Novice: 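What follows is a structure written as structure tokens; I'll ask about it next.
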Amino acid sequence: MREAAHHLPEVPDAPARPVAAVTDAMAGVLGEEIREEAVVTIACVPDGRTGIAGTVA
């Protein structure tokens, strides 16, 4: 994800949403018992350091 995605004024809980969604998906696939041990890390990339189709985005 780009760093700016975590600072959307219209989505005050922007960082929490993907963490919750990935945790839910992991628990759905691997079983609810893994939820308490699940670790989700969102690595943010500063603007200008991401490339899409060979172009810096």
Side-chain angles (χ1 to χ4, degrees):
M1 292 180 72
R2 290 191 192 153
E3 178 64 30
H6 290 288
H7 306 289
L8 300 172
E10 64 274 14
V11 186
D13 60 345
R17 287 182 180 193
V19 169
V22 171
T23 301
D24 289 346
M26 290 171 54
V29 171
L30 300 173
E32 196 59 39
E33 61 275 1
I34 65 97
R35 184 177 295 277
E36 293 299 317
E37 299 298 324
V39 175
V40 177
T41 302
I42 301 200
C44 296
V45 179
D47 289 341
R49 294 189 184 175
T50 301
I52 299 174
T55 303
V56 174

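Note that this is a predicted model, so its numbers are computed, not measured. Values reported hereafter were calculated over all heavy atoms of this structure, with side chains retained and with hydrogens, waters and symmetry mates removed.
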Novice: Using every non-hydrogen atom in the two residues, find where A38 and T23 come nearest and quote the distance to one decimal.
Specialist: CB-CG2, 4.3 Å

Novice: Using the rule side-chain contact (heavy atoms from CB on, under 4.5 Å), only one of V40, T41, I42 pairs with V22; which is it?
Specialist: V40

Novice: Taking everything shown except R35 itself, do over 12 heavy atoms lie less than 6.0 Å from its CZ?
Specialist: yes

Novice: Determine, using the 4.5 Å side-chain heavy-atom cutoff (strictly less than), whether V39 and V29 are members of one ILVMFWY cluster.
Specialist: no

Novice: Should we count CD of E36 as having more than 12 external heavy atoms under 6.0 Å?
Specialist: no

